[in-house]
There are 2 protein chains.
Amino acid sequence: MPYTVGELAKQTGVTIRTLHHYDELGLVSPTGRSAAGYRLYDDGDVLRLQQVLFYRDLGFPLDEIAAVLDDPSFDRAAALRDQRAELASRRARVDGMIAAIDRALVSLERGAPLDDLPSLFDGFDPAVYADEALARWGQTPEFAESARRTKTYGKAEWEAIKRESDAIYRALAALMQAGAAPDDPRVRAAVEDHRDHITRWFYPCSRELHRGLGALYVNDPRFTANIDRIAPGLARYLCEAFAAA
Amino acid sequence: MPYTVGELAKQTGVTIRTLHHYDELGLVSPTGRSAAGYRLYDDGDVLRLQQVLFYRDLGFPLDEIAAVLDDPSFDRAAALRDQRAELASRRARVDGMIAAIDRALVSLERGAPLDDLPSLFDGFDPAVYADEALARWGQTPEFAESARRTKTYGKAEWEAIKRESDAIYRALAALMQAGAAPDDPRVRAAVEDHRDHITRWFYPCSRELHRGLGALYVNDPRFTANIDRIAPGLARYLCEAFAAA
DNA sequence: GCTTGACCCTCCCGTCGCGTGAGGCTGGAG
DNA sequence: CTCCAGCCTCACGCGACGGGAGGGTCAAGC
């Protein structure tokens, strides 16, 4: 005894529109049609639908569900593990947003009237930059200029600096992950962006100074950890890229 | 010194397309245009963009961002708390999916060849139903019929039963939350669906028996908790609705 | 003065999983 | 024969852009 869309919808808790959708995708197509064109689902179709809904409830996209179900040789366990990893990273992103909201709420309570203060450098205090510079470059004129200029920066500037550097790092991380060599022209361009960023915000940065900065990124675990948070191995890659420019 | 789209994109790490998008939404519109029609963003526009990106990174939808930024009297703290709650429920959903995947992986490892076994009743063993029925209805013929029939049910059937009952409960929860009275005709229809569901899967369920079931839902904390997981207060509402039918 | 290449513009279709109609047949009950 | 519930096929809409087509603009080098 075959089911019509309405009956099947009631049984499975999906809407009729969803059944239509799955039919036009070829994901769950009724075996038969009545003379008037009504969709008629038999028991096999119902089973198929339940399998689809099983994977859907696990967050799989519909095209992957089709792939899993239509290929008996598909490695289900691997698919589940992949999906688990995907969900885990989704959860991590949500956790990050929640943490950022909590930080914003705290600083709001502390009386900061602007709620756009940027929960800056999340966890990486700009003061660390200053300490680093002091320890390494001591009394160099570059440090003096940087200190003089950064002293005048407010929240807006630090926000801008962080966004800009993040953008550059992300671009370089993407190139790294795409397998671009450190002397690839696109990498060189991004490296120049970074040097320009340092020059505009901190001090005039020569290529030589820039190479030194690259060395710092791999030799100081605090810098390494912070940079590698964007992408594992990025600090080392930056060091090589800065040297190749 | 105003910025063009490309310059601003580099500074902020967004794409040019995103800037176009925000412009056509009126979310961040450049103050000026060059003679040739190029968008020219001044410092105020940049600030505005950074505020938008701040909220975007917290997961706010763009229309809410516009509302927050365009209304100075907007309660930012409340908006942040609301968004936090939204993210928390998103996180809970992802957690549920991950837990379901883990259960599926475990049963796959245990050698179950079908990966569509449904991680049934997540945490609510069907055996509980049996125990309940035994304690309450002892030797009634209804229990006998139910026991005889459910004995033959396999995974597929239990899956179907759960889906069907979930669908009915969700429909009733929606009606409850919409403020429908327990004797509302739509509620009556859904109640009949539920009674029919019991009759088809377990035992012939008269209206009287159904009322008894409703009482069980509020008097037994296990049932209450399980049902209220779908929506708080649903168990009580069901009891009233079953009585009003 | 002209070409080149990098930049900019405005449409406009595609994504993903359906929701939500519009406009029109069909099937069983009264 | 008439109702009304239920079915059908389009087809647009959402959210936040991605990406490309087709075409103007700007600074630099020849």
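What you see is a predicted model, and the numbers here were worked out from it, not measured in a lab. Note that these values count all heavy atoms, side chains included, but never hydrogens, waters or copies made by symmetry. Residue numbers start from 1 in every chain, and the chains themselves are labelled A, B, ... in the order their sequence lines are given, proteins ahead of strands.
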Could you tell me the separation between the [atom1] atom of [X] and the [atom2] atom of [N], rounded to a whole number of Å?
X	N	atom1	atom2	result
B/Glu86	D/dG15	CD	C1'	14 Å
A/Glu64	C/dG17	CD	C1'	15 Å
B/Asp57	D/dC17	CG	P	10 Å
B/His20	C/dC12	NE2	P	16 Å
A/Glu24	C/dC16	CD	P	14 Å
A/Glu7	D/dG6	CD	C1'	10 Å
A/Leu25	C/dC18	CG	C1'	10 Å
B/Leu58	D/dA16	CG	P	14 Å

From the set [options], return the single nucleotide nearest to any side-chain atom of [X].
X	options	answer
A/Leu62	D/dC7, C/dG17, D/dC17	C/dG17
B/Arg39	C/dT10, D/dT25, C/dC18	C/dT10
A/Arg17	C/dC9, D/dC17, C/dG19	C/dG19
B/Ala36	C/dC8, C/dG27, D/dC26	D/dC26
B/Pro61	D/dG18, C/dC8, D/dA16	D/dA16

Does [N] have OP1 or OP2 under 4.0 Å away from a side-chain N or O of [X]?
X	N	result
A/Thr18	C/dG19	yes
A/Thr4	D/dG6	no
B/Arg33	D/dT25	no
B/Thr15	D/dC17	no

Of the non-hydrogen atoms in [X] and [Y], which two are nearest, and what is the gap between them?
X	Y	value
A/Thr12	A/Leu8	OG1-O, 2.8 Å
A/Val68	A/Ala79	CG2-CB, 4.4 Å
B/Arg188	B/Asp183	NE-O, 3.2 Å
B/Val5	B/Leu19	O-CD1, 3.4 Å

Exercise. Starting at the 5' end of DNA chain C, which residue's closest nucleotide do you reach first, A/Tyr22 or A/Ala35?
Worked result: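 Between the two, 5'-proximity favours A/Tyr22.
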
Exercise. Is there a donor on the side chain of A/Tyr38 or the base of C/dG27 sitting less than 3.5 Å from an acceptor on the other?
Worked result: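 No pair found.
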
Problem set entry | Residue pair A/Arg33, A/Asp23: steps toward the salt bridge (Lys or Arg N to Asp or Glu O under 4.0 Å) verdict | CA-CA 12 Å; A/Arg33 292 264 188 164; A/Asp23 186 11; 3.4 Å; yes

